[in-house]
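Bear in mind that the values here come from a model prediction, so they are computed numbers and not experimental data.
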Amino acid sequence: MKSEPDVFGIDDLARKKVEGWNGVRNYQARNFMRAMKKGDRAFFYHSNANPSGVAGVMEIAREAYPDPTQFDPKNDYYEPKSTPDRALWDQVDVRFIEKLPRFVALDELRRMPALKGMALFTRSRLSVQPVAADEWNAIVKAARR
DNA sequence: GCCAACGTTGGC
DNA sequence: GCCAACGTTGGC
């Protein structure tokens with residue numbers, strides 16, 4: 001799950017413990033969130049950063065429910081087509097688990113053979129995307145080196 | 001700030 | 001349903 005650290009980064013989540021992952025306005029990303037189960041783990045990826053890369057681990061604390069920002073006309077993520085009984089966009093709540101012992105930067109991820117087919121590269125613009133078990137393990141291992 | 005990739009919108 | 005125009009994401 002990607003976020004720009006200037007806006008909301010791993011340290012912000014560490015401080016807040018649990019946060020609603022709002023502002024997702026892409027159907028594929030939304031559908032991936034809808035498929036998440038409580039207790040599932042996710043990487044916190046810093047995008048548009050210096051450098052970008054995987055910063056930490058979190059878990060799904062609450063399964064998909066309507067993203068409240070879509071109902072607020074003053075919010076950047078306002079969605080005029082949504083009504084409380086027919087909401088277009090969902091969010092999940094995520095809980096902080098850990099900051100990785102070593103940040104794994106994008107250029108390093110790119111060089112890892114296990115990540116060759118990863119959605120991060122094949123569907124680079126998706127802000128919520130699946131991680132295969134072997135991809136997960138390879139990244140966790142790299143973070144502990 | 002630029003730009004490639006790609007998702008969305010809307011006319012037809 | 002196609003596709004051009006446009007908007008957004010995200011790396012650099």
Side-chain angles (χ1 to χ4, degrees), chain A residues 1-16 18-36 40-60 62-145:
Chain A
M1 302 177 79
K2 300 178 181 174
S3 178
E4 304 192 12
D6 291 348
V7 179
F8 188 82
I10 189 71
D11 292 328
D12 298 304
L13 184 61
R15 191 159 16 84
K16 298 197 75 169
V18 176
E19 180 75 333
W21 202 267
N22 62 33
V24 172
R25 296 293 181 271
N26 170 285
Y27 289 103
Q28 285 192 60
R30 181 202 66 186
N31 293 342
F32 283 125
M33 285 201 297
R34 285 182 174 173
M36 291 173 174
D40 281 355
R41 297 236 160 168
F43 285 129
F44 195 129
Y45 180 91
H46 283 177
S47 61
N48 261 313
N50 256 313
S52 294
V54 180
V57 174
M58 50 202 183
E59 77 172 13
I60 305 311
R62 182 179 171 189
E63 294 175 9
Y65 64 101
D67 175 347
T69 64
Q70 72 195 304
F71 305 122
D72 176 5
K74 291 186 208 60
N75 195 286
D76 284 348
Y77 296 117
Y78 178 58
E79 172 55 74
K81 285 182 241 160
S82 285
T83 59
D85 55 321
R86 279 181 67 94
L88 264 184
W89 305 112
D90 281 357
Q91 66 179 33
V92 295
D93 287 353
V94 296
R95 175 182 295 115
F96 177 77
I97 297 290
E98 65 167 350
K99 205 167 158 173
L100 287 179
R102 198 174 64 79
F103 181 85
V104 186
L106 179 58
D107 65 336
E108 184 177 349
L109 296 169
R110 247 192 220 114
R111 282 186 267 106
M112 293 168 59
L115 306 186
K116 203 148 184 250
M118 197 176 177
L120 185 63
F121 308 118
T122 61
R123 321 290 333 280
S124 61
R125 289 185 46 200
L126 253 196
S127 66
V128 179
Q129 49 179 254
V131 179
D134 57 334
E135 295 165 348
W136 181 275
N137 294 334
I139 292 169
V140 167
K141 199 173 156 194
R144 305 199 183 283
R145 263 204 302 274

Give every residue pair that meets the side chain to side chain donor-acceptor pair (under 3.5 Å) criterion with at least one member in residues 86-99 of chain A, sequence neighbours excluded.
->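 For residues 86-99 of chain A: A:Asp11-A:Lys99, A:Arg34-A:Asp90, A:Glu59-A:Arg95, A:Tyr65-A:Gln91, A:Tyr65-A:Asp93, A:Glu79-A:Trp89, A:Glu98-A:Arg144.
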Does any pair with a residue in residues 130-143 of chain A pass side chain to side chain donor-acceptor pair (under 3.5 Å), and if so which ones, sequence neighbours excluded?
->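 Not a single pair qualifies under side chain to side chain donor-acceptor pair (under 3.5 Å).
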For A:Arg145, the salt bridge (Lys or Arg N to Asp or Glu O under 4.0 Å) test, sequence neighbours excluded, returns none
With sequence neighbours left out, write down each residue that passes salt bridge (Lys or Arg N to Asp or Glu O under 4.0 Å) with A:Asp76, or none if nothing qualifies.
->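 In terms of salt bridge (Lys or Arg N to Asp or Glu O under 4.0 Å), with neighbours along the sequence ignored, A:Asp76 is linked to no residue.
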Compare side-chain N and O positions of A:Tyr45 against OP1 and OP2 of C:dT9 and report whether any pair is under 4.0 Å apart.
->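 Answer is no, no contact under 4.0 Å.
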Would you tell me if any nitrogen or oxygen in the side chain of A:Ser52 comes within less than 4.0 Å of OP1 or OP2 on C:dG10?
->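 False: A:Ser52 side-chain N/O out of range (4.0 Å or more) of C:dG10 OP1/OP2.
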What integer distance in Å separates [X]:[atom1] from [N]:[atom2]?
| X | N | atom1 | atom2 | result |
| --- | --- | --- | --- | --- |
| A:Arg123 | B:dA5 | CZ | C1' | 11 Å |
| A:Arg30 | C:dT8 | CZ | C1' | 18 Å |
| A:Leu109 | C:dG10 | CG | P | 15 Å |
| A:Glu108 | C:dG11 | CD | P | 15 Å |
| A:Tyr77 | C:dT8 | OH | P | 11 Å |
| A:Gln129 | B:dA5 | CD | C1' | 14 Å |
| A:Lys2 | C:dT8 | NZ | P | 17 Å |
| A:Met1 | C:dT9 | CE | P | 15 Å |

Any residue meeting side chain to side chain contact (heavy atoms under 4.5 Å, CB included) with A:Ala138, in chain and number order, not counting sequence neighbours | A:Met112, A:Ala114, A:Leu115
By side chain to side chain contact (heavy atoms under 4.5 Å, CB included), which residues pair with A:Phe32, not counting sequence neighbours?
-> A:Leu126, A:Val128, A:Pro130
For A:Lys81 and for A:Asn48, locate the closest nucleotide of DNA chain B by heavy-atom distance; then report the residue assigned to the nucleotide nearer the 5' terminus.
-> A:Asn48
Partner residues of A:Phe44 under the ring pair (Phe, Tyr, Trp, His ring centres under 6.0 Å) criterion, sequence neighbours left out |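 By the ring pair (Phe, Tyr, Trp, His ring centres under 6.0 Å) rule, A:Phe44 matches A:Trp21, A:His46.
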Applying ring pair (Phe, Tyr, Trp, His ring centres under 6.0 Å), name anything that partners A:Phe121, two or more places apart in sequence or on another chain.
->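 Partners of A:Phe121 by the ring pair (Phe, Tyr, Trp, His ring centres under 6.0 Å) criterion come out as none, since no residue qualifies.
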ring-ring contact (aromatic ring centres under 6.0 Å, His included) contacts touching residues 91-113 of chain A (sequence neighbours left out) =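 Every candidate ring-ring contact (aromatic ring centres under 6.0 Å, His included) pair involving residues 91-113 of chain A fails, so no pair, neighbours aside, qualifies.
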Would you indicate what A:Phe121 reaches in the nucleic acid, counting non-hydrogen atoms under 4.0 angstrom: base, sugar-phosphate, or nothing?
-> nothing
Locate the shortest heavy-atom distance separating A:Ala49 from A:Ser52; write the atom from each residue and the value.
-> N-OG, 3.1 Å
Tightest non-hydrogen contact, residues A:Asp12 and A:Arg15, listed as OD1-NH2, 2.7 Å
Which of residues 21-28 of chain A have a heavy atom under 4.0 Å from DNA chain B?
-> A:Asn26, A:Tyr27
Do NZ/NE/NH1/NH2 and the carboxylate oxygens of A:Lys16 and A:Glu19 come within less than 4.0 Å?
->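 A salt bridge is present here (some side-chain N lies under 4.0 Å from a carboxylate O).
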Ordered by number, residues from residues 67-76 of chain A within less than 4.0 Å of DNA chain C (heavy atoms) are none
Shortest side-chain distance from A:Arg110, nucleotide among B:dT9, C:dG10, C:dC12 |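 The answer is C:dC12.
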N/O contacts under 3.5 Å, protein versus nucleotides 2-4 of chain B?
none

